[in-house]
Amino acid sequence: MRFEINAENKGYYDVIVVGSGPAGIGAAITAGKNGAKTLLIESCGRVGGISTAGMMSHFTGRCGSKLYFEILDRAAKKNPFDRGERKRSIDPELLTLTYIEMLEEAGVDILLYTTFCDVTMEEERVTGILCHGKDGFSLYEAKVVIDASGDGDVAEKSGAEYIKGRETDGKMQPATLMFKVGGVDYERAVFPGSFETLVPTEKGELQALAKKTLPSPAGHVLLYKSTIPGIVTCNMTNLTDVDGTSSADLTRAEIVCRKQMPLIVDFLREYVPGYENCYIIGSASLIGIRETRHFKGVSTLTEQEIADAAFHEDYVVVDAHFNFDVHNISGSGLDKTGCQKNFTQKNGYTIPYGCLVPERIDGLLLSGRNISGTHMAHSNYRVMPICIGIGEACGAAAVLASKLGKQPRDIKPAEIRELLGI
């Protein structure tokens, strides 16, 4: 069956950002506040992506991004409770409002409930996007399009080269649906924050108990304090062999993880101190997908460069730091290739501009976990603070390209650093 798409041309922008997760937020705010006419497209009904709709517990890792620290400060000021060491903890409602305020201050046009469908191109240059919403198909043209979709949906439609998952077999990290429980006694409660955190109790060690008691591939304990006393964010649902670019797989992951949630609560009540009276108060509206497409860029970031805290002359992201956070690709817990609290390299690394630029496609930039890097390197730079820093760099590059009438690949990294003040 064939049908003709009638798409109304809704306008021309300097910069269009597809996806409003941390990488898209960083890109859109930076582009807008530096004078580019900017449109932010988001398929969900709220901005923030995984950081808000995904009900993330906290910002983890670090990045020398001024915008990241501004977001932390502004969101924290909205919290009526004592923040203390929990400044990086996320209240999804307050963070959503913070993002909206900052986007509006930057003059960014926001379009929610709108799904990216395809690109328009002239030879090997992206010239715009086709999207669909309640009012049908719409076409938006732009000088530069920034793909902050996480999965690289825009880049894939443009024909940019990529691989999925692990180089050896295409396997990808598992999916998780975050949820919150209330009724937790903070005075007695434990908060294991990594797979390597072992918690002995009268009934046994918690990680071992979870692996034995919970239905596979669930079977680990990750619990985080929230911004509100008595409420804890649970990172404990788990499903392997999920392709985040497949609607069928996403549906299966949503169903399986939701069925795991009450079993996890039963486990918490039975085995975890302070959680005897806990209950579910809410769950994410967006399932967490850790890994899908890795696009081929002008440069490719490797795990060895991260382990060596490499300095790149053409850097546009500074002081990026995290561990190799590879969740078990075939079960619960940490993959044998990963390390969390035992990651010994404490120095920040840089990300070169070439990782953000597709090798062959013009008019397009990569922002977030879809940049050019290896499977292992991705397990480090995929975290939200680093994605905000990547987004900042993309936004700055897009502004310069649109103002100078150049392609993003022709913008000098030094010009991007000057605009960002890094």
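Small disclaimer: the values here were computed from a predicted structure and weren't measured.
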TODO: Using side chain to side chain donor-acceptor pair (under 3.5 Å) as the criterion, point out the one residue from Glu167, His294, Glu291 that pairs with His375.
DONE: Glu291

Task: Euclidean distance, Phe195 CZ relative to Leu222 CG, rounded to 0.5 Å - done: 4.5 Å

Task: Distance, nearest 0.5 Å, that separates CD1 of Ile16 from CD1 of Ile41 - done: 6.5 Å

Are any of the side-chain nitrogens in [X] or [Y] under 4.0 Å away from the carboxylate oxygens of its partner?
X	Y	result
Asp73	Lys87	yes
Arg409	Glu359	no
Glu101	Arg74	yes
Glu161	Arg360	no
Lys171	Asp241	yes
Lys164	Glu156	no
Arg258	Glu254	yes
Arg293	Asp153	yes
Glu122	Arg125	yes

Using the side-chain hydrogen bond (donor to acceptor under 3.5 Å, both in side chains) criterion, which residues pair with [X]? Sequence neighbours excluded.
X	result
Asn323	none
Glu187	none
Ser65	Glu392

Task: With sequence neighbours excluded, residues passing ring-ring contact (aromatic ring centres under 6.0 Å, His included) with Phe179 - done: none

Task: His321: ring-ring contact (aromatic ring centres under 6.0 Å, His included) partners, not counting sequence neighbours - done: Phe343

Open item on the list: Working note: Val272 + Leu223, criterion side chain to side chain contact (heavy atoms under 4.5 Å, CB included); need CA distance, chi angles, decisive distance, verdict.
Closed with: CA-CA 10 Å; Val272 185; Leu223 300 166; 4.2 Å; yes

Open item on the list: With salt bridge (charged side-chain N to carboxylate O under 4.0 Å, His left out) as the test, pick out the partner of Asp14 among Lys143, Lys403, Lys37.
Closed with: Lys143

- [ ] Indicate yes or no: at least one non-hydrogen side-chain atom of Lys296 is less than 4.5 angstrom from one of Pro358.
- [x] no

TODO: Can you run down the ring pair (Phe, Tyr, Trp, His ring centres under 6.0 Å) pairs that involve residues 95-132, sequence neighbours left out, and say none if there aren't any?
DONE: His132-Phe137

Task: Test item: Asp308 side-chain N/O and Ala310 main-chain N/O as donor-acceptor pair under 3.5 Å - done: no

